[in-house]
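See structure below.
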There are 2 protein chains.
Amino acid sequence: MSLQKYQAFITSIEYGSITKAANVLGYTQSGVSRMILELEKEWNLSLIKRSKSGVFLTSDGHKLFDQIKRICNEQQILKQYIEDLNDCQSGLLRIGVFSSVATHWLPNIMKRYKNDFPNIQIELLLGDYTEIEEWILEGRVDFGFLRLPSPQKFETLSIEPNDRLMVILPKDHPLADCEKFPMQKLEEYPFILLEKGVNAEISRLFEQTGIHPQINFKTWDDYAIMSMVENGLGISILPELILSRIPYQIIAKELDTPFYRNIGIAMRSQENLPKSAKKFLEYLAYRNC
Amino acid sequence: MSLQKYQAFITSIEYGSITKAANVLGYTQSGVSRMILELEKEWNLSLIKRSKSGVFLTSDGHKLFDQIKRICNEQQILKQYIEDLNDCQSGLLRIGVFSSVATHWLPNIMKRYKNDFPNIQIELLLGDYTEIEEWILEGRVDFGFLRLPSPQKFETLSIEPNDRLMVILPKDHPLADCEKFPMQKLEEYPFILLEKGVNAEISRLFEQTGIHPQINFKTWDDYAIMSMVENGLGISILPELILSRIPYQIIAKELDTPFYRNIGIAMRSQENLPKSAKKFLEYLAYRNC
DNA sequence: AGTATAATAATAACGAATGTTTATCATGTT
DNA sequence: AACATGATAAACATTCGTTATTATTATACT
């Protein structure tokens with residue numbers, strides 16, 4: 001019961017000769033002869049009729065030929081799939097991303113990756129940290145971007161450990177000209193809180209420092225916050241990544257005690273990633289150009 | 001590259017456990033574990049993720065699963081075909097027959113055969129000796145009925161070596177009461193010649209005996225001949241088999257020097273016949289009951 | 001027509017490769 | 001702690017595929 005024997009049988013019939021089939025397949029005549037004999041013995045059937053001018057199908061052989069050929073074809077297709085996977089010549093790559101990564105990093109990365117591996121289809125699933133964690137667990141994505149450390153026990157890669165949390169102010173704010181924004185002053189102005197999913201890093205910052213700002217609004221939309229700040233409704237804190245290209249009249253200031261968001265990649269197992277995904281990880285270096 | 005390994009992989013995934021798959025397939029846990037490892041090594045891919053609570057697909061494994069499963073399914077179908085062929089539980093039996101066999105023998109044979117092997121589909125190809133020979137050569141039929149000896153070098157089985165050639169006369173013929181019809185008298189009456197294909201046994205009879213009848217008609221239709229004889233248009237010679245059930249008012253007489261038609265079965269190789277056909281040959285004994 | 005030659009497939013014997021098991025280990029889960 | 005999971009090493013069993021040979025038949029050449 002082996003695919004080699006099937007191929008030997010098929011080829012012998014197609015070339016009408018065991019000897020020719022052996023040459024084509026790189027076996028000896030004896031080898032192919034034995035393979036077919038073994039099939040016949042194993043199945044208790046006569047598959048081919050031998051003559052001194054070659055071989056041809058018996059009635060039973062004829063009945064099985066198509067089905068055996070079909071199996072060989074499917075095997076050929078499988079081999080092609082495998083080759084493609086190894087060459088990154090095909091495949092689907094699913095990645096979990098959150099909005100700032102999708103907006104500011106992925107365009108650069110994907111432009112280069114797609115250029116080198118045009119046949120890899122990429123599917124981006126946009127969500128918050130919690131959703132992305134779920135997708136990784138369930139295998140809905142090959143890997144995902146997360147804020148590190150992640151509560152789940154994933155394998156992780158740190159990519160951008162120093163995504164500074166910046167205070168954003170309207171242009172005419174009293175502290176618009178200070179060098180670094182003093183932590184304590186956060187309590188003195190209305191505050192607009194960015195809150196996405198459970199992993200609200202900014203809430204944690206306040207917990208750790210014991211600061212209690214006057215939270216007037218909470219929202220999950222980065223751009224809504226910037227717009228509100230621009231209009232003088234309050235101040236806020238956003239990761240620097242989000243502020244890469246600011247379309248608003250606002251000012252971003254460092255805090256006097258710096259806080260960072262650590263952005264990384266998480267997956268169930270780096271070892272088990274498909275080749276196309278491993279390659280993708282190498283392209284993360286191009287995120288800013 | 002073997003189907004056992006494919007099955008091991010598929011089953012492990014379907015049961016979510018290598019150990020369970022091993023039990024189901026009748027291997028040891030170690031055996032199945034190694035099979036999958038060998039596939040992964042051979043393909044340079046990671047197919048499954050192992051854990052202490054079982055196994056599940058990696059991304060690459062997922063991409064190949066369906067195709068591998070498809071191959072296993074096709075293999076299953078093949079196995080079924082083979083089993084059916086061995087049990088005569090399915091299959092197509094093609095038989096070349098000439099008209100008198102089809103009319104007088106096959107109904108009895110087929111009734112019994114079909115009763116014992118209801119799932120074998122039988123295809124009867126009706127033709128003359130020459131056509132049947134061609135069909136056997138080309139493999140269009142598994143075997144065929146022929147008059148023996150056959151000019152082709154087939155393997156043959158004699159079934160009815162003594163199909164007497166009988167003179168047929170109208171009821172009111174002058175020799176209607178004779179015991180055996182004298183050869184020489186054949187020249188004295190108009191003769192209607194049965195001539196089918198090239199192997200006209202009756203023409204050969206005349207050649208061998210040097211008798212030259214007055215041939216008024218030639219036709220290939222047995223019943224047309226009987227009808228013409230009945231209407232006094234002449235006399236003829238027909239094999240006894242054709243006369244089994246005579247629907248005409250005619251008389252059949254033996255010749256004073258007896259001639260026989262030898263009816264048999266011919267095939268390329270009895271050894272290579274499908275089981276269903278071999279079985280059929282055993283049922284030839286039932287041709288007259 | 002007869003003979004030599006070439007081509008075909010089968011067979012026996014053998015070594016290499018592969019398949020499969022037993023026994024054991026390592027690691028999580030309950 | 002007991003159990004269940006999978007991996008590993010070593011031994012054994014089977015299969016695979018080869019070389020060398022035989023047997024048969026078609027083909028070519030006297």
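Convention: sequence-line order gives letters A, B, ...; per-chain numbering from 1.
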Would you jot down, in residue-number order, the residues of residues 14-30 of chain B having a non-hydrogen atom under 4.0 Å from DNA chain D? Ser17(B), Ile18(B), Thr19(B), Gln29(B), Ser30(B)
Under the salt bridge (charged side-chain N to carboxylate O under 4.0 Å, His left out) criterion, do Arg50(B) and Glu40(B) qualify, and how do the steps go? CA-CA 13 Å; Arg50(B) 284 87 167 159; Glu40(B) 294 185 307; 2.8 Å; yes
Any side-chain donor paired with an acceptor under 3.5 Å for Tyr6(B) and Gln75(A)? yes
Arg34(B) side-chain proximity, nearest of dA9(C), dG6(D), dT21(C): dT21(C)
Does any N or O in the side chain of Ser33(B) come within less than 3.5 Å of the main-chain N or O of Gln29(B), such that one atom is a donor and the other an acceptor? no
Hey, what bend do you get for the helix from dA1(C)-dT30(D) to dT30(C)-dA1(D) if you fit axes on five pairs at each end, rounded to 10°? 30°
Test item: side-chain donor near acceptor, Ser158(A) and Asn262(A), under 3.5 Å: yes
Students often mix this up, so state it plainly: with edges at 30° and 60°, are the rings of Phe280(B) and Phe143(B) parallel, tilted or perpendicular? tilted
Quick check on salt bridge (Lys or Arg N to Asp or Glu O under 4.0 Å): which of Arg261(A), Arg287(A), Arg147(A) does Glu160(A) satisfy it with? Arg287(A)
Tell me every residue that passes side chain to side chain donor-acceptor pair (under 3.5 Å) with Asp116(B), counting only those two or more places apart in sequence or in another chain. Tyr283(B)
Taking atom C1' of dC16(D) as reference, at what distance in whole Å does atom CD of Glu42(A) sit? 13 Å
5'-most contact on DNA chain D: Ile48(B) or Met35(A), nearest heavy atom basis? Ile48(B)
Here the distance between atom P of dT14(D) and atom NZ of Lys41(A), to the nearest Å, is 13 Å
Considering only side-chain heavy atoms of Ser2(B), which listed nucleotide, dT11(C), dG6(D), dG19(C), is closest? dG19(C)
Look at the side-chain N and O atoms of Ser33(A) and state whether any lies under 4.0 Å from the OP1 or OP2 oxygen of dA10(C). yes
Euclidean distance, atom CG of residue Leu39(B) to atom C1' of dT20(C) [Å, nearest integer]: 15 Å
Measure the shortest side-chain to side-chain distance between Ile18(A) and Ile36(A) over non-hydrogen atoms and say whether it is less than 4.5 angstrom. yes
